[in-house]
Amino acid sequence: MRYNRFLKWFGVASTIGMLAILLGGALVTKTDSGMGCGRHWPGCNGQLIPDEITAEVLIEFSHRLVTGGVGIFIVVLAVWSWKSLGHVRETKFLSFMAVFFLLLQALIGAAQVLWGQGDFILALHFGISLISFAAVFLLTLLVFEVDQKFDSDKLRIGKSLRNHTIGVTIYSYVVIYTGALVRHTNSGLVCSDWPLCRNNEFSLPRNMYEWIQMGHRLAAALILIWILIITIKVIKEYKDQRVIYWGWISALILVLAQATTGMIVVLTKLNLYIALLHSLFVTLLFGLLTYLVLLVSRSRIK
């Protein structure tokens, strides 16, 4: 019991750490601090520890330190979970995914610093980190045996809800990618109005940056509508299965919060704190959707 208790708290610390990596990466992008340490990695401006500290150096170097420290935590969590919970079906897969995608995002970040990468490649950085976060998050839930507390083996989910759950989770990754693309192409203010690019006229986007911005808005609107439809279906048909019922209500709340902060980001001309909240909500939404996918994979067909 003592061993498992320590593993639980280690899982919580690793999940919070992954959240810090995601928000730290978003902060680096939103403040244009990616070159704070110049073309040097893992050192900073030719030094192991920089002696000249500017805001950009502080943000970029802190992000690297957090990533390195949390990376050690995640490797330990993966190995520890593998040994302690190897009998649980998803443990080994999630352990591998957590470490693999953490290393992948670190390598992409290093490649950007050393050689530079195109915006369309860089946009994958946040999404790759998000997969690692989801894996760590699900590992932590397995350690806490959350699925057993909700009797996931007794859940009965219809084929329609199964398909919707898997489909909207995959589609959420498309929404996340387009949002990252908006940031990396500096398309955030190319359309200063909302919901249209120019509210005084109805017209197609005029250049690539407007297409990226409006494409993300359309993708975000579609996922909101999709999750709303699923939630209505769940409220009507799954009141007796509380983890599914409250899971989808929570998903609807998170996607509404995501859409609202996205709108406010535009109207406030990229307010940093609102933009970070926007990243936080989409991270929590993706983590919740992956948990719902896990429940679907364990349930019986209704």
Side-chain angles (χ1 to χ4, degrees), residues 22-36 55-56 59-60 105 108-109 111-113 115-131 167-229 252 254-286 289:
L22 283 160
L23 295 180
L27 181 63
V28 168
T29 302
K30 294 177 191 301
T31 57
D32 292 323
S33 301
M35 289 291 99
E56 290 78 11
I59 292 172
E60 169 65 10
Q105 68 89 20
I108 291 177
Q112 163 59 15
V113 170
W115 305 296
Q117 301 287 331
D119 293 330
F120 287 83
I121 299 297
L122 277 178
L124 290 171
H125 193 234
F126 183 78
I128 288 171
S129 301
L130 204 55
I131 294 176
V168 79
T169 302
I170 295 172
Y171 178 70
S172 71
Y173 204 77
V174 175
V175 178
I176 291 163
Y177 178 78
T178 59
L181 198 57
V182 167
R183 292 200 303 270
H184 286 288
T185 57
N186 294 316
S187 301
L189 289 180
V190 71
C191 293
S192 57
D193 289 337
W194 195 92
L196 300 179
C197 192
R198 288 167 291 276
N199 286 340
N200 61 344
E201 63 176 279
F202 185 82
S203 61
L204 291 174
R206 298 172 180 174
N207 53 56
M208 181 188 75
Y209 302 103
E210 288 187 2
W211 277 107
I212 291 173
Q213 171 64 238
M214 295 308 296
H216 175 61
R217 291 189 194 183
L218 177 60
L222 290 177
I223 196 173
L224 192 157
I225 294 170
W226 196 349
I227 289 179
L228 175 61
I229 291 172
L252 179 60
L254 286 173
V255 78
L256 285 170
Q258 177 196 359
T260 301
T261 50
M263 174 190 68
I264 297 174
V265 164
V266 173
L267 298 180
T268 59
K269 310 302 181 186
L270 304 184
N271 178 276
L272 179 60
Y273 301 105
I274 301 299
L276 290 176
L277 270 179
H278 187 61
S279 298
L280 174 62
F281 288 135
V282 75
T283 299
L284 297 177
L285 175 63
F286 186 75
L289 290 176

For Ile264 and Asn271: C-alpha separation, side-chain torsions, deciding distance, then whether side chain to side chain contact (heavy atoms under 4.5 Å, CB included) applies. CA-CA 8 Å; Ile264 297 174; Asn271 178 276; over 6 Å; no

Kindly determine whether Glu56 and Asp32 satisfy side chain to side chain contact (heavy atoms under 4.5 Å, CB included), including the steps that lead there. CA-CA 8 Å; Glu56 290 78 11; Asp32 292 323; over 6 Å; no

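In terms of the side-chain hydrogen bond (donor to acceptor under 3.5 Å, both in side chains) criterion, Thr268 has no residue partners (sequence neighbours excluded). Partners of Ile170 under the side chain to side chain contact (heavy atoms under 4.5 Å, CB included) rule, at least two apart in sequence or in another chain, are Ile166. For Ala221, the side chain to side chain contact (heavy atoms under 4.5 Å, CB included) test picks out no residue, with sequence neighbours left out. Under the rule for a side chain to side chain contact (heavy atoms under 4.5 Å, CB included), the partners of Ile108 that lie at least two apart in sequence or sit in another chain are Leu104, His125, Ile128. Ala275 pairs by the side chain to side chain contact (heavy atoms under 4.5 Å, CB included) definition with Lys30, Val265, not counting sequence neighbours.
The shortest heavy-atom contact between Ser33 and Thr31 is OG-OG1, 2.7 Å. Here the closest heavy-atom approach between residue Ser187 and residue Thr185 is recorded as OG-OG1, 2.7 Å. Across every non-hydrogen atom of Val168 and Ile227, the tightest pair is CG2-CG1, 3.8 Å. The nearest pair of heavy atoms linking Ser192 to Lys269 is CB-NZ, 3.5 Å. The nearest pair of heavy atoms linking Leu189 to Val266 is CD2-O, 4.3 Å. Residues Leu218 and Tyr171 approach most closely at O-OH, 4.5 Å, considering heavy atoms.
A heavy-atom distance below 4.5 Å is not found between the side chains of Val182 and Thr178. Side-chain contact between Leu224 and Gln258: absent, with no pair of heavy atoms (C-beta onward) separated by less than 4.5 Å. Taking the side chain as every heavy atom from C-beta outward, Ser279 and Leu23 approach each other to under 4.5 Å. Residues Leu181 and His216 have side chains not in contact (no heavy-atom distance under 4.5 Å, counting atoms from C-beta outward). Side-chain contact between Leu27 and Leu272: present, with at least one pair of heavy atoms (C-beta onward) separated by less than 4.5 Å. Inter-residue side-chain proximity for Phe126 and Thr283 is flagged as met; some heavy-atom pair is nearer than 4.5 Å.
In this structure, CD1 in Ile223 is found 8.0 Å from OG1 in Thr169, a value given to the nearest 0.5 Å. The CG atom of Leu130 lies 4.5 Å from the CD1 atom of Ile176; values are rounded to the nearest 0.5 Å. Between the SG atom in Cys197 and the CZ atom in Phe202 there is a gap of 12.0 Å [rounded to 0.5 Å]. For the atom pair Leu252 CG and Ile229 CD1, the distance stands at 11.5 Å (nearest 0.5 Å). A distance of 10.0 Å separates CE of Met263 from CD1 of Ile274, quoted to the nearest 0.5 Å.
For the side chain to side chain donor-acceptor pair (under 3.5 Å) condition, the pairs that include at least one residue of residues 204-214, sequence neighbours left out, are Arg198-Glu210, Glu201-Arg206, Gln213-Arg217.
Ring geometry for Tyr173 against Phe286 counts as tilted: the plane angle lies between 30° and 60°, on a 0 to 90° scale.
One N or O on the side chain of Asn199 and one on the backbone of Trp194 form a donor-acceptor pair closer than 3.5 Å.
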